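Just so it is clear, the values below take in all heavy atoms, side chains as well, and ignore hydrogens, waters and symmetry mates. Positions are given from 1, in the same order as the sequence printed here. Keep in mind that what you see is a predicted model, and the values were worked out from it rather than measured.
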Amino acid sequence: MHRLLWLPCVPVLLAQRAVALGRNTPGHQQPLTGSFSQDDCPDYASYAAYPHPPLSKGSLQLPFQRPHPVCRTFRSYAIEKVIHDITSRMKNPDLARLFENAFPSTTDTTVRWHTDGKDEAIQQKLRTWRDQDGWLDEGQWQGSQSFIITGDILAEWLRDSTNQLKPYQTLATKDRAIFHLILGAINTQTEYVIQSPYCNAFQPPPISGLPPTSNGQDDAVHPIYDPTAVFECKYELDSLAHFLALGNDFYAQTGSTEFLTPRWHKALGRVLAVLEEQSQSTFDTVTGSYRKNAYTFQRTTTTGTETLSLGGIGNPLNNGTGLVRSAFRPSDDATIFGFLIPANAQMAVELKRAAAVLRSTSKAPNAELAGRLERWSERITRGIWEHGVVPHRRYGNVFAYEVDGYGSALLMDDANYPSLLALPLMGFVDKNDKTYQNTRRMLLEKVGNPYYLVGKEFRGIGGPHIGLQNAWPMSLLVQAQTSDDDEEIMGCLNMVLRSSKLGLIHESVDVNHSSSYTRSWFAWANGVFAETILNLAKRKPHLIFTDAKPYEV
């Protein structure tokens with residue numbers, strides 16, 4: 001993903017608008033007040049880079065960073081209720097303020113376009129495209145649709161949007177607006193996967209009326225894609241796993257199979273085709289001759305992680321592993337060894353969950369398809385345990401981050417989800433599993449994980465995407481969710497809290513200077529923080545509440 005560094009500066013236009021609306025001078029902007037329209041709403045990426053009163057009553061005096069109600073991109077009474085329920089019971093007013101800002105971050109700022117499918121003007125446009133222009137397939141862009149941007153980029157990542165919406169899945173039965181928002185996100189992702197299953201980030205739906213934007217790169221990619229529909233086309237196995245996860249989570253919370261449309265089945269077919277193509281070895285198993293991969297990617301860049309070696313192919317992979325290649329990681333960095341274990345683990349889990357959803361229906365074709373998904377899940381799972389677990393002289397048997405099937409293995413972890421640290425959260429192993437615990441110890445020590453970074457003011461797992469001085473708060477939140485140790489959990493939570501002086505969770509933080517960060521506004525990270533608080537409210541309420549009564553949405 002393109003990561004933008006938001007430095008503490010305010011564009012001239014925003015400063016002029018602030019003066020025009022009677023707010024304070026740039027550098028300490030006031031929340032929007034008085035009579036105004038959406039045209040008066042400031043750019044949130046710049047707005048979030050400054051603190052806004054009222055400040056929390058804790059020692060950190062964290063600002064209130066929610067946009068004015070007029071400027072929010074989606075509203076839900078159920079979300080507001082959860083904010084009240086949680087914050088009214090919290091011990092730490094700073095932690096309460098951070099949750100108040102972070103939990104609604106996605107709905108406040110990133111629902112760039114949404115329809116529940118009942119807008120007659122949109123329906124008429126679809127009929128025209130289908131019946132007169134002839135370019136629309138039956139069912140295409142029908143029903144609820146939701147375009148969820150990553151934050152400071154007008155594009156939707158399959159992975160990010162799934163994780164951004166995850167904290168709201170439990171509210172889908174409590175608020176029909178949330179139900180249709182998530183259903184719309186599934187339907188929109190469905191269209192994306194049908195059109196370009198190898199791509200990771202997408203332009204606004206054509207029916208939204210929003211213009212496409214350029215990513216500023218000159219990429220050579222096969223299969224070719226339409227740049228008016230695709231923002232970036234890095235093939236990441238976890239993107240397809242996240243597409244499945246969005247529907248699986250929706251079914252788990254609502255019991256609804258409304259998303260199981262012919263279009264979704266077509267998208268699932270695209271997923272299975274990619275799995276088949278990307279499980280092929282680099283050399284023919286019979287003749288030993290080289291065979292070109294179905295996907296190649298080259299970018300003109302001075303950053304090695306932004307392109308694939310060997311003319312866009314990547315390093316060779318062996319046959320017979322049962323694993324599926326991923327050209328890029330969830331950080332959008334290129335893999336070194338293409339069998340990315342966390343992505344394979346997530347795919348194995350989500351295939352099995354999707355099979356269960358299909359089996360919940362009475363249709364015979366779904367049962368047959370479910371069996372196919374289950375066989376893929378079992379195959380990948382076996383491959384992980386056979387090829388993705390390696391002996392370590394210090395930690396014992398551990399999960400590798402990447403392998404190639406030839407015996408080479410990369411021992412590290414990246415902060416982005418899916419990660420090795422998050423294996424229990426995705427449901428691949430129990431957190432008490434011995435191999436996982438060995439791996440966890442390795443990942444959380446500087447001598448075990450080259451990207452475990454420790455400095456004077458911050459620590460945590462980072463990754464090559466940002467560099468060797470910045471760790472990601474997201475990794476500390478995953479560490480807290482995978483721990484039963486109260487001291488470890490609160491140590492992680494307090495470190496994230498102290499690094500969030502703007503009242504929001506950053507993408508990454510300089511371990512020696514926590515005031516230096518990337519992205520003041522990163523909706524996915526805010527969602528992970530919200531998930532962590534909700535997890536502790538249910539599992540460890542005594543750590544965050546004034547009482548020990550569990551809270552469950």
Side-chain angles (χ1 to χ4, degrees), residues 73-74 76 106-107 110-127 129-130 135-150 155-166 168-169 171-173 175-197 199-210 212 226 229-231 239-271 350 353-354 357-358 360-361 366 369:
T73 58
F74 189 87
S76 165
T106 289
T107 48
T110 69
V111 183
R112 192 63 181 82
W113 179 79
H114 168 68
T115 177
D116 62 5
K118 298 176 183 177
D119 187 303
E120 182 53 36
I122 292 177
Q123 295 306 308
Q124 181 57 48
K125 183 185 293 186
L126 291 172
R127 285 192 292 269
W129 287 349
R130 184 180 65 248
W135 71 269
L136 203 67
D137 291 339
E138 186 66 34
Q140 190 174 359
W141 298 113
Q142 292 283 354
S144 299
Q145 302 286 336
S146 304
F147 179 57
I148 313 296
I149 64 174
T150 182
E156 176 174 329
W157 269 253
L158 298 180
R159 168 187 56 257
D160 289 42
S161 57
T162 293
N163 285 297
Q164 285 168 242
L165 291 169
K166 192 172 182 180
Y168 312 129
Q169 288 274 10
L171 299 176
T173 58
D175 187 344
R176 290 296 292 179
I178 293 291
F179 181 97
H180 281 286
L181 177 68
I182 299 175
L183 177 61
I186 300 171
N187 291 339
T188 299
Q189 285 198 10
T190 293
E191 298 300 334
Y192 291 153
V193 172
I194 289 173
Q195 179 158 357
S196 298
C199 299
N200 59 322
F202 295 86
Q203 305 281 12
I207 56 173
S208 69
L210 297 171
D226 179 0
V230 172
F231 181 81
S239 291
L240 297 177
H242 274 100
F243 161 65
L244 297 178
L246 185 61
N248 291 338
D249 288 347
F250 183 71
Y251 172 78
Q253 294 298 330
T254 66
S256 172
T257 56
E258 191 173 337
F259 66 94
L260 294 183
T261 64
R263 300 296 290 174
W264 185 88
H265 278 81
K266 187 172 184 177
L268 180 60
R270 295 280 199 271
V271 172
E350 298 305 335
R353 294 179 72 205
V357 175
L358 290 170
S360 71
T361 70
N366 278 351
L369 183 57

| Which residues satisfy the side chain to side chain donor-acceptor pair (under 3.5 Å) test with Glu350, sequence neighbours excluded? | Asn248, Arg353

| field | Atom pair NZ (Lys125) and CG (Leu136), whose distance is rounded to the nearest 0.5 Å | value | 11.5 Å

| task | Identify, with sequence neighbours excluded, every residue that meets side-chain contact (heavy atoms from CB on, under 4.5 Å) alongside Ala267. | result | Thr190, Val193, Ile194, Phe243

| Taking all non-hydrogen atoms of both residues, which atom of Thr107 and which atom of Val111 are closest, and how far apart? | CA-CG2, 3.9 Å

| Where Leu210 and Phe147 come nearest, the two heavy atoms and their spacing | CD1-CD2, 4.0 Å

| message | Checking Thr361 now: which residues fulfil side chain to side chain donor-acceptor pair (under 3.5 Å) with it, not counting sequence neighbours? | response | Asn366

| task | Can you sort out the partners of Arg176 under side-chain contact (heavy atoms from CB on, under 4.5 Å), two or more places apart, ordered by chain and number? | result | Phe179, His180

| task | Just jot down the ring-ring contact (aromatic ring centres under 6.0 Å, His included) partners of Phe74, sequence neighbours excluded, or say none. | result | His114

| note | What one should report as the nearest heavy-atom pair of Leu158 and His242 is O-CB, 4.0 Å

| field | Test item: Ser144 side-chain N/O and Gly184 main-chain N/O as donor-acceptor pair under 3.5 Å | value | no

| request: For Ser161, check side-chain contact (heavy atoms from CB on, under 4.5 Å) against everything at least two apart and list the hits. | output: Ile148, Glu156, Gln189

| field | Partners passing ring-ring contact (aromatic ring centres under 6.0 Å, His included) against Tyr192 (at least two apart in sequence or in another chain) | value | Phe202

| request: Could you list all the side chain to side chain donor-acceptor pair (under 3.5 Å) pairs where at least one residue sits in residues 254-263, not counting sequence neighbours? | output: Glu191-Arg263

| query | Could you state the interatomic distance from CG (Leu165) to CG (Leu171), rounded to the nearest 0.5 Å? | reply | 11.5 Å

| field | Residue list, side chain to side chain donor-acceptor pair (under 3.5 Å) with Ser76, at least two apart or on another chain | value | Asp175

| task | Grab the two heavy atoms, one from Pro204 and one from Pro212, that are nearest each other, plus how far apart they are. | result | CD-CA, 4.2 Å

| message | Strictly distance-based, threshold 3.5 Å: is any side-chain N or O of Thr162 a donor or acceptor partner for the main-chain N or O of Leu246? | response | no

| said: Is there a side-chain contact between Leu358 and His265 in this structure, where contact means two heavy atoms from C-beta onward sitting under 4.5 Å apart? | reply: yes

| request: For residues Asp137 and Lys266, determine if any side-chain heavy atom of one lies less than 4.5 Å from a side-chain heavy atom of the other. | output: yes

| request: May I have the step-by-step check of side-chain contact (heavy atoms from CB on, under 4.5 Å) for Phe231 and Thr150, ending in yes or no? | output: CA-CA 12 Å; Phe231 181 81; Thr150 182; over 6 Å; no

| Out of curiosity, Phe250 CZ to Leu183 CG, how far, rounded to the nearest 0.5 Å? | 5.0 Å

| query | What are the two closest heavy atoms between Pro205 and Thr188, and how far apart are they? | reply | CG-CG2, 4.1 Å

| field | Partners meeting side chain to side chain donor-acceptor pair (under 3.5 Å) with Asn187 (sequence neighbours left out) | value | none

| If every non-hydrogen atom of Ile149 is compared with every non-hydrogen atom of Gln164, which pair is closest and at what distance? | O-NE2, 3.0 Å

| query | Who pairs with Trp113 by ring-ring contact (aromatic ring centres under 6.0 Å, His included), at least two apart in sequence or on another chain? | reply | none

| request: Using a 4.5 Å cut-off on heavy atoms from C-beta on, say whether the side chain of Ile182 contacts that of Gln253. | output: no

| note | In this structure, CG of Leu244 is separated from OG of Ser239 (nearest 0.5 Å) by 11.5 Å

| task | Just jot down the side-chain contact (heavy atoms from CB on, under 4.5 Å) partners of Gln142, sequence neighbours excluded, or say none. | result | Gln123, Leu126, Arg130

